[in-house]
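See structure below.
Reckoned from all heavy atoms, side chains included, excluding hydrogens, waters and symmetry mates. Every chain is numbered from 1 and lettered A, B, ... according to where its sequence line falls, protein lines coming before strand lines.
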Amino acid sequence: MEAANFIHDEIIKDLAPGGRFEGKKVHTRFPPEPNGYLHIGHAKAIVINFSTAEKFGGQCNLRMDDTNPSKEEVEYVDSIKQDIHWLGYDWEDRFYFASDYFPQMFEYACQLIRKGKAYICELTAEQIRQTRGTLKTPGKPSPYRDRPADESLDLFNRMKDGEFKDGQMTLRARIDMSSGNMNMRDPVLYRISRSHHHRTGDTWCIYPMYDFAHPIEDALESITHSLCSLEFEDHRPLYDWVIDHIDSPARPRQIEFARLNLTHAVMSKRKVRQLVEDNWVDGWDDPRLPTLSGLRRRGYTPESIRNFCERIGVSKVYSTVDYAFLEHCLREDLNKKAPRVMAVVNPVRLVIDNYPENRSETFEVENNPERPEDGKREVTFSRELWIEADDFREEKIKGYFRLFPGHEVRLKTAYIIRCTGCDKDEQGNITAVHATYDPDSRGGNAADGRKIKGTIHWVDTNNCLDAEVRLYDNLFKDADPDTEEQRDYMERINQDSLVVRRHSKVEISLSGTSAPGSYQFLRLGYFCLDKNDSKPDRLVFNRSVSLRDSWKKRNKT
RNA sequence: UGGGGUGUGGCCAAGCGGUAAGGCACGGGACUUUGACUCCCGCAUGCGUAGGUUCAAAUCCUGCCACCCCAGCCA
């Protein structure tokens, strides 16, 4: 089997004869804490866990790591499940909660106490901090460190029974107060907390810490490979310590990889929350946010996100992936799938002066040149059309081959027209563009075979729909809004990250649509209906991503 | 000499002692009834750095440098 990344390398070794998991089935898990919404960074972890299991013919569990009731809520559990399903992964019947293991964890803690590997400490949080030492100096042993096991066991049971106040005492591992690894300086294993747990209610008033709970959760589920992010590297010795000192049914292996960062975006829960709560964006599913619900509303497909996650690779290097790569993956997917449609986002009236006033005709347009099997649809044409304001200029500039007086252009699938001028109001705003058409060019090709370089899209003024179009761009202009910790990144928000066009015109074939799905607005980009605001009689489209535009690129700076 | 990690082109990333894959971005060109798509071409005499071992080093060894993580009763 070929390894796609260093984790696969390790797994292959583990599975080999004499390896740590020889003869075992690979088992991974995705263990979110239900305290917020999932984002693209989680998607990377989800893809790594599920695809690794799949690659080796194993399984991946979904587990809510709910060991801290003061931060967790049920509403998140549902959104997390929904997002993972949406991405296209299935955990079948293997959906678990860390809280289901509380009784077993308590039992393991008692084992540790009996072995003299853990003790009840009555130091306050402040005292624990003070005696922990610093990065360069060893800590001091707690005065309770040598408390007899019987006494600790008794206290631990009374802790569980609610005899003590929150924070009054803790269960601590007895490891090494002078370890260079801070996590090994007698870490707290259990704390007293009377917050209401979303699943166990008030059954417990003591809760295990992550470092104690996680290896047990993994072991109980027979996880072989516990894949997590880099910041847990220093916790691995403690993870192994717990497994080694309890009567563990399994010996899972933790492997760490670098989490995903994206340019032009903020990923941390705290920062996203602030953007939402201070109303810089429209909720957790704002299309500019890197949350999965935001990306979904923006029109990102699960396939594009999965593909993105697979292609960015897995390593231990601190990395920031260019947002342009995510966009590339979306375009690549939508180019194959999205039906083409004509829409004029910023309309200006085009009058074809030599076209009869009351005449109308119909043209057939292909739905997707990439997929001829998708068939064709009809669009109507008449004397007055809407065209994109950008497609007309009063004067030619170098390289511009759209409409300007005297110049010919093709109206997609219809006729070749020649621009004759424009009308303006008193302020000098262009109110209409004038042109004449070539009656012998029906369909778009000139009878004399002359080549027409430019083709523009259009919509019949007599047969179209008004729509609101929301043009989204990066939330942050800076590639790295997240770098300097203390900077007020809100001030760096891109003022043009949302431009609303309320009077856009879209072709009639879109009338009444409510189905989810993406369209390519010809020459503009990929768009989808906004799931929150669009109504069959008042369409609202979100721009998922623009088409690549070498003209625009060439003309800026 | 706290501990743990990482350094390959602008951004990801292969490479596992035999003479620098691939993708994105970027630049050029072809094609084009989407300035899209597609297709060509270009883009590291170089792998943090200095030495060493070897016929041969991004890969092995040593020193140095840079950056990231750790002192929650968060995960």
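- Counting only N and O atoms by type, the side chains of A:Glu370 and A:Asn368 include no donor and acceptor under 3.5 Å apart.
- Under the stacking definition used here (centres under 5.5 Å, planes under 30°), the residue A:Trp551 qualifies as stacked on the base of B:G35.
- Side-chain nitrogen and oxygen atoms of A:Arg129 include at least one within less than 4.0 Å of the OP1 or OP2 phosphate oxygen of B:G72.
- Under the Watson-Crick or G-U wobble criterion, with both distances below 3.5 Å, B:A21 is left unpaired in every strand shown.
- Residue A:Ala324 has its side chain nearest to B:A25 when only B:A25, B:C73, B:A75 are considered.
- Proximity of A:Thr67 to the phosphate of B:A75: a side-chain N or O atom is located under 4.0 Å from OP1 or OP2.
- Contact check, A:Arg554 against B:G35: no side-chain N or O comes under 4.0 Å of OP1 or OP2.
- Nearest to the side chain of A:Arg132, among B:A71, B:U6, B:A36, sits B:A71.
- Here A:Arg548 reaches the OP1 or OP2 of B:C37: one of its side-chain N or O atoms lies under 4.0 Å away.
- Between A:Glu33 and A:Lys71, no side-chain nitrogen of the basic residue sits less than 4.0 Å from a carboxylate oxygen of the acidic one, so the salt-bridge criterion is not met.
- Taking the side chain of A:His328 as heavy atoms from C-beta on, and the options B:C24, B:G3, B:G72, the nearest nucleotide is B:C24.
- In this model, the phosphate group of B:U34 is not approached by any side-chain N or O of A:His457 to a distance below 4.0 Å at OP1 or OP2.
- When each of B:G5, B:A36, B:C74 is scored by its nearest atom to the side-chain atoms of A:Lys316, the top-ranked nucleotide is B:G5.
- Side-chain N/O atoms of A:Ser315 include none lying less than 4.0 angstrom from OP1 or OP2 on B:U6.
- Among the nucleotides B:A13, B:C70, B:G23, the one closest to any side-chain atom of A:Arg311 is B:G23.
- Closest to the side chain of A:Lys553, from the set B:U34, B:G27, B:C70, is B:G27.
- Proximity note for A:Glu233 (side chain, C-beta onward) versus B:A13, B:G5, B:C73: the nearest is B:G5.
- Judged by distance alone, with hydrogens and angles left aside, A:Asp9 brings a side-chain donor or acceptor within reach of the base of B:C16, the pair sitting under 3.5 Å.
- Side-chain proximity of A:Thr134 to the nucleotides B:C37, B:A71, B:C24 is greatest for B:A71.
- Base pairing analysis places B:G7 opposite B:C65; the two distances defining the Watson-Crick or G-U wobble pair are each below 3.5 Å.
- Contact annotation: the side chain of A:Met64 never approaches that of A:Tyr96 to less than 4.5 Å [non-hydrogen atoms, C-beta and beyond].
- Between A:Arg191 and B:A75 there is a side-chain N or O to OP1 or OP2 distance below 4.0 Å.
- Across B:C37, B:G7, B:U32, the shortest atom-to-atom separation from the side chain of A:Glu370 is found for B:C37.
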